[in-house]
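Start at 1 with the first residue, then count along the sequence.
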Amino acid sequence: MNADIVDLRAFYHTRLGRLAAHSIAMALVPVWPKLPDERLVGLGYCLPYLDRLGTDAERVMAFMPASQGAINWPAHAASATALVMDEELPLPDASIDRVLMVHALEFTESPRETLSELWRILAPGGRLVIVAPNRRGVWARLEHTPFGNGRPYSKSQITELLRETNFTPGAFAEALFFPPSRSRTVLKFRAGFERSGRTFWPAFSGVNIVEAQKRLYQGLPVAARSARKVLVPALAPQGVPTTRNRS
């Protein structure tokens, strides 16, 4: 099941969604080294995290997959949002310093092709940070949050994908140790769950966070891409047939 932009936006406007975004953003800090004048792209639905982590970047763009849909962002400035095919991004080679993937890897039809495309647009030494649902965690088993949809991943599965697509995995982190409950009583203890989880049960986090660097010294085999769906924008005008008057 693919994520829908309306459902994603609605989730992050709830109390549970705001707390989830805060926990993930805090876990991203240790794996988010400062890059001077970086060009940052968010792929998927990254808006709650780009607002926090993109303030020092030279340029920030929010790429939203066509199957998900897109909304305008930021609200009070020129739009930096683009509706894209995640296997054919509208950027030249080696043009981006860092890519953040949230609500993306678990929904893509071809993870290897998507990661290979990110390798293409990243500059030498560029960094990729993936946030994906943990297949062992409770969040991946309950469908009332976006983390309960799509394909969850273990750390070893993400690491294997990265190595197959010419990335060198680096730092790891975890987040969302508190249960995905709407109860205010349960959510009051969120900070305690997060601290305890990182110490005692890191393998059961709600999401895995993996940072990797673009690798240059190994070639990739060339393979023909498989046929894929062609998506047509829902609001695209279809045109009206006209007839010419003949004299």
Side-chain angles (χ1 to χ4, degrees), residues 3 24-25 27-35 38-46 49-50 53 61-65 68 84-89 91 93-137 139-140 146-147 149-176 198 202-223 225-226 228:
I24 293 173
L28 281 168
V29 171
V31 301
W32 197 268
K34 294 288 185 181
L35 299 180
E38 72 169 332
R39 294 154 294 177
L40 170 63
V41 164
L43 179 62
Y45 188 80
C46 302
Y49 311 101
L50 295 179
L53 300 170
M61 291 170 280
F63 282 4
M64 300 186 181
Q68 168 191 291
V84 301
M85 298 297 293
D86 53 10
E87 299 162 8
E88 297 178 2
L89 300 176
L91 289 171
D93 296 354
S95 57
I96 298 300
D97 300 301
R98 179 153 38 193
V99 175
L100 172 65
M101 293 183 74
V102 187
H103 303 299
L105 184 64
E106 63 267 34
F107 297 114
T108 185
E109 291 186 13
S110 178
R112 286 172 180 80
E113 285 194 18
T114 297
L115 292 182
S116 295
E117 180 68 353
L118 296 179
W119 186 95
R120 180 187 69 80
I121 68 169
L122 279 168
R127 297 172 184 270
L128 169 64
V129 180
I130 298 174
V131 179
N134 179 12
R135 64 182 304 176
R136 292 185 177 182
W139 288 72
F147 301 100
N149 296 290
R151 176 188 174 184
Y153 286 85
S154 65
K155 279 185 183 178
S156 61
Q157 288 174 322
I158 299 175
T159 299
E160 181 181 358
L161 275 173
L162 288 168
R163 287 175 175 161
E164 288 176 356
T165 50
N166 236 7
F167 286 95
T168 301
F172 295 87
E174 303 86 16
L176 301 187
R198 282 192 293 270
F204 299 99
S205 61
V207 295
N208 287 317
I209 301 171
V210 183
E211 186 261 354
Q213 193 166 24
K214 178 175 179 174
R215 188 170 61 203
L216 296 175
Y217 57 81
Q218 179 179 346
L220 288 175
V222 177
R225 286 187 170 183
S226 58
R228 63 175 65 89

If you measure from [atom1] on [X] to [atom2] on [Y], what distance do you get to the nearest 0.5 Å?
X	Y	atom1	atom2	value
Leu43	Leu128	CG	CG	9.0 Å
Leu28	Tyr49	CG	OH	8.0 Å
Arg151	Thr108	CZ	OG1	11.0 Å
Leu50	Leu100	CG	CG	6.0 Å
Leu161	Ser156	CG	OG	10.0 Å
Phe63	Leu91	CZ	CG	4.0 Å

Checking Val129 against Ile209 for the side chain to side chain contact (heavy atoms under 4.5 Å, CB included) test, could you report, in this order, the C-alpha distance in whole Å, the side-chain angles of both residues, the deciding distance, and whether it holds?
CA-CA 7 Å; Val129 180; Ile209 301 171; 4.1 Å; yes
Test side-chain contact (heavy atoms from CB on, under 4.5 Å) applied to [X] - qualifying residues, sequence neighbours left out:
X	result
Pro169	Thr159, Leu162, Arg163, Phe172
Pro202	Glu174
Ala94	Pro124
Glu160	Glu164

Under the rule for side-chain hydrogen bond (donor to acceptor under 3.5 Å, both in side chains), what residues qualify as partners of Lys214, not counting sequence neighbours?
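So Lys214 forms no side-chain hydrogen bond (donor to acceptor under 3.5 Å, both in side chains) with any residue.
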My understanding is that only residues two or more places apart in sequence, or in another chain, count here; which of them pass side-chain hydrogen bond (donor to acceptor under 3.5 Å, both in side chains) with Gln68?
none
Quick one, Arg135 with Gln157, criterion side chain to side chain contact (heavy atoms under 4.5 Å, CB included). Give me CA distance, side-chain angles, the key distance, then yes/no.
CA-CA 10 Å; Arg135 64 182 304 176; Gln157 288 174 322; 2.8 Å; yes
Distance-minimising heavy-atom pair for [X] and [Y]:
X	Y	value
Ala173	Ala27	CB-O, 3.6 Å
Ala212	Phe167	CB-CB, 4.0 Å
Arg215	Trp119	O-NE1, 3.0 Å

I'd like to check the salt bridge (charged side-chain N to carboxylate O under 4.0 Å, His left out) partners of Arg136; sequence neighbours left out, ordered by chain and number.
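Testing Arg136 for salt bridge (charged side-chain N to carboxylate O under 4.0 Å, His left out), a comparison that skips the adjacent residues, returns none.
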Got Arg98 and Pro33 here, is their nearest side-chain heavy-atom distance under 4.5 Å?
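Yes, side chains in contact.
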Dump the intermediate steps for side chain to side chain contact (heavy atoms under 4.5 Å, CB included) on Leu40 and Leu35, then the final yes or no.
CA-CA 10 Å; Leu40 170 63; Leu35 299 180; over 6 Å; no
Sidechain-backbone polar pair: Asn134 side chain, Ala140 backbone, donor-acceptor under 3.5 Å
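The answer is no, because no donor-acceptor pair under 3.5 Å joins these two groups.
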Check: Gln213 side chain, Gly125 main-chain N or O, donor-acceptor pair, under 3.5 Å
yes
Apply the test side chain to side chain contact (heavy atoms under 4.5 Å, CB included) to residues Tyr153 and Val207: give CA-CA distance (whole Å), side-chain angles for both, the deciding distance (0.1 Å), then the verdict.
CA-CA 9 Å; Tyr153 286 85; Val207 295; over 6 Å; no
For Phe147, what residues pass the ring-ring contact (aromatic ring centres under 6.0 Å, His included) criterion, not counting sequence neighbours?
His103, Trp139
Sole residue of Thr165, Asp86, Val99 in side-chain contact (heavy atoms from CB on, under 4.5 Å) with Leu115
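Option passing the side-chain contact (heavy atoms from CB on, under 4.5 Å) with Leu115: Thr165.
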